[in-house]
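Just below is one structure, and these are the notes that go with it.
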Amino acid sequence: MTSASLVEQEVGAAAAAPTPAARTRGLRKVYGSTVAVDRVDLEVPEGAVLGMLGPNGSGKTTTIRMLLGLVRPTSGEVELLGRPMPESAGITLPHVGALVEGPGFHPFLSGRENLRRCASAEPLMASGSIRGAVSEALERVGLSHAADRRYRGYSLGMKQRMGLAAALLLPRKLVVLDEPTNGLDPAGTREVRKVIGELHAAGTTVIVSSHLLAEVEATCTHVAVLHRGSVVAQGELDELLEAGSPAVVVSTPDVQLALDSLRDNGIGARSEQDGLVVDLVGTTAPYVVRVLVESGVAVHEVHRRRAGLEDLFAQLTESEESGDQG
Amino acid sequence: MNRKRASVTAAVAGTVVGVAGLAVLAMPASAGSAPVLPAVSAEQLVQSVLTTKSVPAFAGTVRGTNNLGLPSVPGLGEAGKFLANSSAEVRIWSDGEGRGKLELPSNSGSESIVYDGKTLWDWKSSDHTVRKSEQSPAEHREHPQAASDPATAAKQIIELISKDSTVKVDGTATVAGRSVYQLVLAPKPSERTMLREVRISVDAETKLPLQLSVYGNGSADPVLQIGFSELTIGAQDASLFQFTPPANATVTTAEPKQDKAKDFPGDAASKTVGEGWDTVLVGKLPTTGATDKSGRSQDPMALLKQIAKPVSGAWGSGYTIGASIGNAVVTQDGRYAVGAVPLQVLTNALEQSK
Amino acid sequence: MTAAVLDRPLRAPLGRLLAAEVRWTLRRPRTIIALAALALAPVLMGIGIAIAGEGSRGGPGGLFGALAGNGFVLPIVAMYMLLPVLLPLLGSMAAADALAGESAHGTLRGLLLAPVSRGRLLAVKAFGVAVVVWLGVLVVALSGVVTGLVLVGSNGLITLSGTTLSVADALLRIGLAVLWVGFQVFAVASIALAVSAWTEHPLVVLAVALAFVLVSAVVSALPNTEWIQPYLLPTGWMSLTDVLRDPVPGTELLRSTVKALCYSVIGLSLAYGRLSTKDG
């Protein structure tokens, strides 16, 4: 193949429909009698920052491992950078940086030595630039001061930064980060967000998994919510936020009376930390206020609530649970 | 999934190759089709063996295997091991002009015997001793070690038994990588021996006997076999046949004409009864008991009681030891009879020699 | 990143991978400790034999006897004595760390993600193990030579056959022994590598590999096992003393080397079969 025809091919493909950075179809993985992942159809557009959200054990890591060709799916297809996996691992993975299942390094080597060993295995790394790339990656994650200490003595947060550094040794087309803020202090979390932001700005596609909702909301353009091995919602972050059902938050001291009266009128409500949350399903805010006032509930304040991702997450997982039970 | 199958196939194939390699290694080397050689009569073959006077220059390994099925004797150590089923190897070199070298490897070191044409050197690595003796080559041949040379051994056997045996050439085979004729000596039907046949492999080119196998009745495997397991015929490095005692060795000079008979108690008092295949050696054990390594006197009868079956008859009573191709009887009064014959023939011989 | 980069598999240079593997292996504290312990063994043996003096005839392979005034025999004695257990232990340890240990640390995943193809990964690992194995044998031999020359002294090597070899020939014989012992130990290490591909626990690998060696040795010492003996590795280990005979009887040395290679092929095939199909 000449490089000209390749360019043509790429351009042609791009004109028809942009190749997603990652795509899965009907992905299923069974360990023994346990179904870890089932019917997962993901699509990660190029340049997106996808947040994979789900509680522990929801299949996030297994999905990522299948995306990266570490695990062979029981059935279904995986495409990474437009190539089938795991068959094309040799083609795609040099362009992919990943931190999966926590950082893996040798305790008796220094951080710098560990990264040098990782760098030696990177196909796109020129032998002459290993030293510089390692220093740069250490700098980027803020580990330069501890680079020559043994990995054994690193704190949990430092270990996590090392994993991030290994994924960032080279410019990548795709970076996959499995729980990157695990064990990091708030400052560390901010740094990870900053790194993700930089990657996004440079046009790199990022897949980041987390069980911390705020993190995903703060950094992602796209979200996929996993629950019990299946994707229960996915799409652009903004769309998903809009799709959430509108609600009002009512501040009142008479919570029980308010709940009873709303329920009598067929309006769903629940008590939460910041007040009484009333879903505006088949009703309107003025009607809710009128019901409350007529029932003698003291209403201090009513404000419209934008459905946060946390709310969405809770709703989706709760509905899934009740669906399972029903 | 195809790729997975391909790698599993590769792994299985590799494992099979490895196991097959082990199996090939474990297989006896003699397997293979019989070589095609010009026909030769038994008389011609025996004749050519007997007339082949000069042994060519060669290097080889002689392997002896013993499946006599003798009981293992407790308390005899190395010697006991030798009696029970075993095998041993001797490396041998000859320059074709009388000089030669023998090496007897063992797990406890090595013994080398070098004859440089004038002096016989006997080096034992275990205690760094060299025994030096000025012997003529003829005397050298009578050294017990010389019986390890299959040429000599086979010639002796052919001469000894040709008058009581049928001799024929039974096809060809490969021994130590060389084509051989199989000369078979079988006892005539009138003989009472327990031996079925003696098979001598004669090298087609040099007419050297390369292997001697003794078969008993009712057994497919040889009970005794001595022969080359490796043989290279051709000029040998002259330095092999020279010996310089190493720096740390103790050198002793042996007295010439040592009385070897002393080493074999009872031999002086023995005689043979019968002839040919049925020859029985009859004699009397020395009255003094043998001594074991620690110098403690051992009663041979006590030892026999442990390993032998008691028998009795008109000739007296005693103990017998049976092997797959022969028997031995020791009587209570210390007489013994040994032969490749059934027990009955031994006891008859004892009666005759009373 | 240009459009052309996604057209074919990319691989890191093999030399760089091998160098990184060896560098990592030799910096591992337990490798260093094991090599130091192996270096000490011939010294202790030399001192022990020197103290025992002339009374120490016989010994394994009758080699102690051959050692008197014959320093170049010590490295062979040392290899002979370390071959049944300690050298296989070193090889198994390297093999255990190579796959099971890396797997337990999560570093194997990093290599697979680089990516290093699984076949290549096994080749690199086998190379690293081989380096440790031959280095270990070489350390024993060198320590043996030095100890032998210091404690016993020598003007050359007196062979079991009673001939005297020059120093150069003696070193050649010792080199031959190092090569041969390395093949034997690598055969055990290959089996260990196969086990190492199946587990995440390095100790399991050590236990299985040692059991393999010891059971083989016990079986080969049992009576009535002649049919299985040609298949067992330790059966051929006696032939190490053949390098001290003159001329060297090559048959048994060669046969046991081929046997060791067969075991290596089996071990590496099994390791490849597991490594290429298991989840990373």
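Just so it is clear, the model here is predicted, and its values are computed rather than measured.
Of all the listed residues (A/Gly90, A/Gly104, A/Pro123), the one sharing the greatest number of non-hydrogen pairs under 4.5 Å with chain C is A/Pro123. Contact count against chain A (heavy-atom pairs under 4.5 Å) is highest for C/Thr107 among C/Thr107, C/Val124, C/Leu108, C/Leu17. Highest contact tally toward chain C, considering only A/Cys118, A/Pro107, A/Ala166, is held by A/Pro107 [criterion: heavy-atom pairs under 4.5 Å]. Of all the listed residues (C/Gly110, C/Ser117, C/Pro29), the one sharing the greatest number of non-hydrogen pairs under 4.5 Å with chain A is C/Pro29.
Across all their heavy atoms, C/Ser92 and C/Ala192 have their closest contact at CA-CB, 3.8 Å. Annotation for C/Ala98 and C/Leu193: closest pair CB-CD1, 4.1 Å, computed over non-hydrogen atoms.
For chain A, the nearby parts of C/Arg28 are the backbone and the side chain; heavy atoms of each come within less than 4.5 Å. Only the side chain of A/Tyr31 comes within contact range of chain C, with at least one heavy atom under 4.5 Å from a heavy atom of that chain. Contacts of A/Leu109 with chain C are made by side-chain atoms alone, with heavy-atom separations under 4.5 Å and no backbone atom involved. C/Arg27 touches chain A through backbone and side chain together, each having a heavy atom under 4.5 Å away. Contacts between A/Leu170 and chain C at a heavy-atom distance below 4.5 Å are absent for every atom of the residue. Heavy atoms closer than 4.5 Å to chain C are found in the backbone of A/Ala119, but not in its side chain.
Inter-residue side-chain proximity for C/Leu210 and C/Val188 is flagged as unmet; no heavy-atom pair is nearer than 4.5 Å. Put simply, the side chain of A/Thr62 does not reach to within 4.5 Å of the side chain of A/Lys60, judged on heavy atoms.
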Discussion item. With salt bridge (Lys or Arg N to Asp or Glu O under 4.0 Å) as the criterion, how do A/Arg23 and A/Glu77 come out once you've worked through the C-alpha distance, each side chain's angles and the decisive distance to 0.1 Å?
Written reply: CA-CA 8 Å; A/Arg23 177 160 59 186; A/Glu77 289 167 28; over 6 Å; no

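C/Tyr263 and C/Phe212 have their aromatic ring centers within a separation under 6.0 angstrom.
By the 30° and 60° cut-offs, the orientation of the rings of A/Phe108 relative to C/Trp24 is parallel.
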